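This structure is a prediction, so every number in the text was calculated from the model and none was measured. All heavy atoms count here, side chains included; hydrogens, waters and symmetry mates do not. By convention here, the first residue in the shown sequence is residue 1.
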Amino acid sequence: MKEQEIPRESWPGFLEGFSREHRGWLATVGVIDTERLRRARQAARALVRDAVFHELRLEGQAEDSLVVETDREGHLATHCADHPTRVYFEEAEGGEHKGVRIDGADGRTLLVEFRTPARPEALDGLADTEW
């Protein structure tokens, strides 16, 4: 797996583009202590599994929260990383998009992992919920 850190000044554009490219993909959102992530990624506690990904966005007066929005059987859910410090785009070795990792100032990491890593162009038009 390859991780690419997104510079903070690029977050708004990255989040918008990422949301547009991946809207409708099935994703699992989990949370884990950042230090534990370095040792055992599979120890992440899933907050939601196989939910339809809607978007990643910054919120708050100072854009001090990064929000992941998903939908599972008509129930919208938001998951927040307050005071995010780092955002990483994750790819498989072949360039397939795996998801996003968001490290927070509180020592927790929020993970968005797609059920099936793929290149967006390979799935274009397949998701019912694409806008």
Q: Search all heavy atoms of H22 against all heavy atoms of F18 and return the closest pair with its distance.
A: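 Nearest heavy atoms, H22 then F18: ND1-O, 2.8 Å.
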
(Q) Please give me the minimum heavy-atom distance between A27 and F53, naming the atom from each residue. (A)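 Shortest heavy-atom separation between A27 and F53 comes out as CB-CB, 4.3 Å.
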
**Q.** Lys/Arg N to Asp/Glu carboxylate O, R57 vs E69, below 4.0 Å
**A.**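 Between E69 and R57 there is a salt bridge, with a charged N closer than 4.0 Å to a carboxylate O.
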
Q. Salt bridge (charged side-chain N to carboxylate O under 4.0 Å, His left out) with R101: which of E113, E91, E3?
A. E3

Using modelled atom types and a 3.5 Å cut-off, is there a donor and acceptor pairing between side-chain atoms of [X] and backbone atoms of [Y]?
X	Y	answer
W11	I6	yes
S19	L56	yes
T34	G107	yes
R23	H54	yes

Are any non-hydrogen side-chain atoms of [X] and [Y] less than 4.5 angstrom apart?
X	Y	answer
K98	M1	yes
T28	R115	no
V68	L110	yes
I32	R45	no
T109	D33	no
T70	L76	no
L111	V31	no
P12	L58	yes

Q. Out of curiosity, does V112 fall in the hydrophobic cluster containing V48 (side-chain heavy atoms, cut-off under 4.5 Å, transitive links)?
A.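 Both belong to a single hydrophobic cluster.
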
Q. Is there a path from V67 to I102 through hydrophobic residues (I, L, V, M, F, W, Y) whose side chains come within less than 4.5 Å of each other?
A. no

At what distance, to the nearest 0.5 angstrom, does [atom1] of [X] lie from [atom2] of [Y]?
X	Y	atom1	atom2	value
L66	H83	CG	NE2	12.5 Å
E73	D50	CD	CG	10.5 Å
D71	E55	CG	CD	12.5 Å

Q.
Surrounding CZ of R49 (heavy atoms of other residues, nucleotides or ligands, distance under 6.0 Å), is the total greater than 12?
A.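 For R49, atom CZ is not crowded (no more than 12 foreign heavy atoms under 6.0 Å).
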
Q: Step through the shown structure and confirm whether more than 12 heavy atoms of other residues, nucleotides or ligands are within 6.0 Å of CD on E5.
A: yes

(Q) For the residue pair T85 / D103, report whether a side-chain donor-acceptor contact shorter than 3.5 Å exists. (A)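 No, no side-chain donor-acceptor pair sits under 3.5 Å.
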
Q. Can you check whether F114 and H97 have ring centres sitting under 6.0 Å from each other?
A.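 They do not qualify: ring centres at least 6.0 Å apart.
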
